[in-house]
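One structure below.
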Amino acid sequence: MCRGQRCQTSVARPWSNVLTIQGTNKPFTMNLLAEIRSRFADVLAQYVEDPSGLIDLVRRSQDAKFGDYQANVAMPLGKRLSRPPRDIAAEIVEKLEIDDLCEQPEVAGPGFINLRIRDARLVDLLTDTAGDQRLGVPRVEAPRTYVVDYSAPNVAKPMHVGHIRSTVIGDALVRTLRFLGHQVIGDNHIGDWGTQFGMIIYGYRHFLDEEAYAKSPVRELARLYRLVNQLVEYHACREKIPELKQQIAQLQGELEQSGAEAASGDKKAKKARRRLESRLQELRDQLREAEQKVAAVDADPMLAELARQHADVGEAVLRETARLHAGDEENLKLWRQFMPACLREIERVYERLGVKFDVTLGESFYHDQLPDVVADLKARGLAVESDGAVCIFLENSPAPMIIQKKDGAYLYATTDLATIRYRMKTWSPDAILYVVDHRQSLHFEQLFAVARKWGYTDVELTHVSFGTVLGEDGRPFKTRSGDTVGLEGLLDEAVRRARRVVAANDDAKPGGPELSEAERDQIAEVVGIGALKYADLMHNRTSDYVFSYEKMLNDRGDSATYLQYAYARVRSIFARGNVRPEALYEAGASLLLETPEERGLAMQLLRFAEALEQMLADYRPNVLTAYLFELADRYFSPFYDRCPVLKAENPRLRDSRLLLCDLTARVLKQGLALLGIQVVEKM
RNA sequence: GCGCCCGUAGCUCAGCCGGAUAGAGCAGCGGACUUCUAAUCCGCAGGUCGGAGGUUCGAAUCCUCCCGGGCGUGCCA
């Protein structure tokens with residue numbers, strides 16, 4: 001495994017067996033918000049039949065001056081019961097049995113109920129949290145079985161930046177679901193049966209450099225893929241260019257005609273004109289791209305000659321692919337020969353990213369099940385032939401789902417259906433999550449609808465969609481020919497930048513550098529990879545993702561680096577003070593929450609479970625990154641700034657603050673771990 | 001044409017099944033290192049939440065229309 005992981009060996013361990021919990025015997029795990037909500041549910045049941053809708057209105061307060069939690073239930077109730085909301089609020093407060101947990105609730109404004117957790121309770125709860133390996137995060141009462149379908153690259157093609165999102169988001173979901181006690185099967189549904197193998201097979205037959213292949217099969221296969229792909233594109237582009245030019249000319253003509261109408265000020269004409277213009281621009285971009293690809297080959301005499309000799313390479317590649325699918329022995333043999341190298345290639349990237357799958361069942365795995373899937377759907381009357389293709393027509397769907405082409409070939413819809421059937425039969429999951437970009441939302445809508453009709457009604461099927469990877473120009477990211485931003489290159493760049501910053505920071509330390517070269521390397525790996533992942537996870541996944549080195553490798557502000565640094569600073573307090581966290585617990589250190597900073601930090605630490613629950617409610621890792629950043633920035637920073645730890649006024653206060661430090665470190669570490677991001681003890 | 005998504009500070013974004021004064025980061029300005037790591041902290045400035053209506057005690061959030069952008073839409077994945 002990568003070097004980064006070894007950095008953590010001396011990290012604080014949980015020590016739940018050391019701590020004696022005072023005042024309670026129940027095994028402690030508590031989601032504070034959930035507890036408060038359940039108290040309210042009891043009271044609300046007296047007002048409405050089903051309080052579940054109202055219960056969401058019990059939530060965390062935005063501002064400390066409104067207490068820790070607030071219930072906004074009185075206003076809608078007032079409406080429903082035609083009574084003054086403030087009266088209802090007062091009545092609810094009267095009936096509420098929450099005295100053990102909170103101060104006397106206050107009614108404010110139009111009927112807000114503000115709750116402040118009792119300091120003594122806060123101390124108890126946090127003491128329990130400190131003694132808990134799981135940091136107060138309960139295991140779910142009813143564990144579910146999840147299949148998470150993520151990453152899914154096409155093997156035999158180099159992985160690029162577009163693969164980051166699915167991989168990183170999926171990994172975070174898998175880790176977090178598992179931490180909460182669910183059973184999770186992480187499945188990498190790789191593309192291992194597509195046209196790219198036709199390309200490689202063709203390349204292998206015509207352009208193989210045997211010496212290079214013997215030396216590094218992966219590299220040679222990648223070269224063959226790129227070469228054949230370039231030739232195929234060359235011919236395709238050459239064919240397309242006249243067409244494009246004609247379309248452009250035609251559009252220009254239309255545009256000139258529409259000019260007069262638009263000038264008349266008619267709104268519709270103007271709009272139509274704008275649409276024409278943008279379509280024209282699109283075509284021009286396509287033309288420019290095609291011309292560039294052609295020019296790149298023409299400029300290289302060797303390539304140009306190859307292109308001339310292999311004029312029908314596009315057709316030939318499809319033929320090789322079809323032969324593979326038809327079970328041709330020769331091609332199958334080559335496929336089997338290539339696959340291990342291809343798998344090793346992606347595995348190397350996953351290892352570096354620290355991502356592990358439980359199963360890797362790609363398209364090829366389902367290949368021989370496809371005829372039966374189509375036959376079954378036909379037999380049930382779900383699928384019918386139309387224009388020679390086998391289609392499934394759905395209500396409210398703009399197009400049918402095609403599961404077999406008129407030439408007999410299957411499509412990825414077919415594979416996806418076979419995959420659902422296999423997963424249901426094999427694991428009987430309660431939920432299948434597809435971490436796939438949002439451009440495929442129609443496909444999943446149809447897929448899920450068909451699955452329901454097919455009889456799989458008892459499973460949650462969710463498309464965990466995410467935004468498109470955009471280039472710096474704001475256009476959808478595309479690999480420029482010959483200038484691919486490979487994923488590995490990106491990782492290298494991230495680590496290289498991190499290495500520079502690590503070194504600079506270490507050199508600038510007042511007492512002189514503290515890190516060896518090897519340590520610097522380890523830290524750079526953890527920091528670089530962490531920055532990359534965090535940049536992705538911190539955004540709402542539904543937003544488009546603008547690819548930018550600057551942003552992805554951000555090491556300041558709201559970034560993984562900031563959190564890792566916060567962790568290292570906390571840990572350095574223990575190093576500097578020569579304190580083992582375990583010793584605090586053995587000595588029975590207790591908490592004192594006397595300043596707003598200490599209380600605020602304590603409260604935030606207690607909310608870890610809430611953050612995780614909220615993250616999983618919509619499968620949104622950015623909820624957790626936001627929680628962690630808030631913990632470090634809004635709560636820990638002021639504490640660190642104003643509450644001296646090692647130089648606290650007295651030993652009791654010092655120990656209390658050390659406990660807060662330890663908890664902060666553990667929550668940061670655990671939270672980042674759930675995001676697939678590591679920490680280091682020193683940076 | 002139809003469908004889905006988006007429009008919030010100069011830039012990048014959070015907040016969106018209605019809640020109290022709309023938040024961060026970056027960039028800008030001003031401060032803080034003989035002090036538990038300055039990859040830091042403290043402070044200042046910055047907004048008609050694309051526009052117009054509507055729903056109501058309350059709208060960035062829900063509804064309608066409009067403007068602007070992206071994506072998808074019968075034989076790619």
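Given the structure is predicted, the values throughout are model-derived calculations rather than measurements. Below, chains carry the letters A, B, ... as their sequence lines are ordered, and counting in each starts from 1.
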Base, sugar-phosphate, or nothing: which does [X] touch, judged by heavy atoms less than 4.0 Å apart?
{"X": "A/Q440", "result": "base"}
{"X": "A/A626", "result": "nothing"}
{"X": "A/E445", "result": "nothing"}
{"X": "A/A108", "result": "base"}
{"X": "A/R500", "result": "nothing"}
{"X": "A/K551", "result": "sugar-phosphate"}
{"X": "A/L442", "result": "sugar-phosphate"}
{"X": "A/S386", "result": "base"}
{"X": "A/Y534", "result": "nothing"}
{"X": "A/Q196", "result": "nothing"}
{"X": "A/N505", "result": "base"}
{"X": "A/D633", "result": "sugar-phosphate"}
{"X": "A/P76", "result": "base"}
{"X": "A/R59", "result": "sugar-phosphate"}

Selection from [options] that lies nearest to any side-chain heavy atom of [X]:
{"X": "A/R620", "options": "B/G25, B/G74, B/G15", "answer": "B/G15"}
{"X": "A/V527", "options": "B/G72, B/A39, B/G74", "answer": "B/A39"}
{"X": "A/R556", "options": "B/A27, B/U12, B/U37", "answer": "B/A27"}
{"X": "A/D641", "options": "B/C76, B/C42, B/U37", "answer": "B/C42"}
{"X": "A/M75", "options": "B/U37, B/A77, B/C57", "answer": "B/C57"}
{"X": "A/C391", "options": "B/C36, B/G74, B/A38", "answer": "B/G74"}
{"X": "A/A389", "options": "B/C75, B/C36, B/U12", "answer": "B/C75"}
{"X": "A/F112", "options": "B/G19, B/C41, B/U37", "answer": "B/G19"}
{"X": "A/K79", "options": "B/C13, B/A20, B/U56", "answer": "B/U56"}
{"X": "A/L411", "options": "B/U40, B/C76, B/U73", "answer": "B/C76"}

Between atom [atom1] in [X] and atom [atom2] in [N], what is the gap in whole Å?
{"X": "A/Q614", "N": "B/C17", "atom1": "CD", "atom2": "C1'", "result": "13 Å"}
{"X": "A/D662", "N": "B/C36", "atom1": "CG", "atom2": "P", "result": "20 Å"}
{"X": "A/E681", "N": "B/U37", "atom1": "CD", "atom2": "P", "result": "13 Å"}
{"X": "A/N622", "N": "B/C16", "atom1": "CG", "atom2": "P", "result": "10 Å"}
{"X": "A/E385", "N": "B/G74", "atom1": "CD", "atom2": "C1'", "result": "14 Å"}
{"X": "A/D416", "N": "B/C76", "atom1": "CG", "atom2": "P", "result": "15 Å"}
{"X": "A/D558", "N": "B/C11", "atom1": "CG", "atom2": "C1'", "result": "16 Å"}
{"X": "A/D63", "N": "B/A22", "atom1": "CG", "atom2": "C1'", "result": "13 Å"}

Inset, instruction - Drop me the distance from A/D536's CG to A/K551's NZ, to the nearest 0.5 angstrom. - result: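 Reported value, rounded in 0.5 Å steps: 12.0 Å.
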Inset, instruction - Output yes if the stacking criterion (under 5.5 Å between centres, under 30° between planes) is met for A/F629 over the base of B/A24, else no. - result: no
Inset, instruction - Please indicate yes or no: is the ring centre of A/Y562 less than 5.5 Å from the centre of the six-membered base ring of B/A39, with the two planes inclined by under 30 degrees? - result: no
Pairwise [atom1] distance for [N] and [M], with rounding to whole Å:
{"N": "B/U35", "M": "B/C41", "atom1": "C1'", "answer": "13 Å"}
{"N": "B/C71", "M": "B/G54", "atom1": "P", "answer": "35 Å"}
{"N": "B/A38", "M": "B/C33", "atom1": "C1'", "answer": "6 Å"}
{"N": "B/U37", "M": "B/G19", "atom1": "C1'", "answer": "42 Å"}
{"N": "B/A45", "M": "B/G23", "atom1": "P", "answer": "14 Å"}
{"N": "B/G50", "M": "B/U8", "atom1": "C1'", "answer": "10 Å"}
{"N": "B/C62", "M": "B/C17", "atom1": "C1'", "answer": "9 Å"}

Legend entry - side-chain contact (heavy atoms from CB on, under 4.5 Å), paired with A/I392, selected from A/I403, A/I402, A/V384: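 Result for side-chain contact (heavy atoms from CB on, under 4.5 Å) with A/I392: A/I403.
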Inset, instruction - Verify the neighbour count for atom CD of A/E630: are there more than 12 heavy atoms of other residues, nucleotides or ligands below 6.0 Å? - result: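 It does: A/E630 CD has more than 12 such atoms within range.
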Inset, instruction - Tell me, yes or no, whether the heavy-atom count around A/E277 atom CD, taken from other residues, nucleotides or ligands under 6.0 Å, exceeds 12. - result: yes
Inset, instruction - Identify whether the glycosidic angle of B/C17 places it syn (within 90° of 0) or anti. - result: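 The base of B/C17 is oriented anti (glycosidic angle more than 90° from 0).
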Legend entry - Counter-base of B/C4, judged by Watson-Crick or G-U geometry with both distances under 3.5 Å: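 Partner of B/C4: B/G70.
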Would you say the ring centers of [X] and [Y] fall short of 6.0 Å from each other?
{"X": "A/F197", "Y": "A/H325", "answer": "no"}
{"X": "A/H443", "Y": "A/Y412", "answer": "yes"}
{"X": "A/Y562", "Y": "A/F629", "answer": "yes"}

Inset, instruction - May I ask you to check if A/R37 and A/F40 form a cation-pi contact, with NZ or CZ under 6.0 angstrom from the six-membered ring centre and within 45° of the axis? - result: no
Legend entry - Side chain proximity check, A/L33 to A/Y69, heavy atoms < 4.5 angstrom: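 SC-SC contact between A/L33 and A/Y69 confirmed.
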Base [N] paired with [X] side chain (donor-acceptor, <3.5 Å):
{"X": "A/Q70", "N": "B/A20", "result": "yes"}
{"X": "A/Y565", "N": "B/A39", "result": "no"}
{"X": "A/N114", "N": "B/A20", "result": "yes"}

Legend entry - Pairwise 5' ranking along RNA chain B for A/K509 and A/F66, keeping only the more 5' one: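 Of the two residues, A/F66 wins.
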Legend entry - RNA chain B: 5'-proximal contact among A/N72 and A/I402 (nearest heavy atom):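 It is A/N72 whose nearest nucleotide is closer to the 5' end.
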Inset, instruction - May I ask you to say whether A/K682 pairs ionically with A/E519, meaning some side-chain N is under 4.0 Å from a carboxylate O? - result: yes
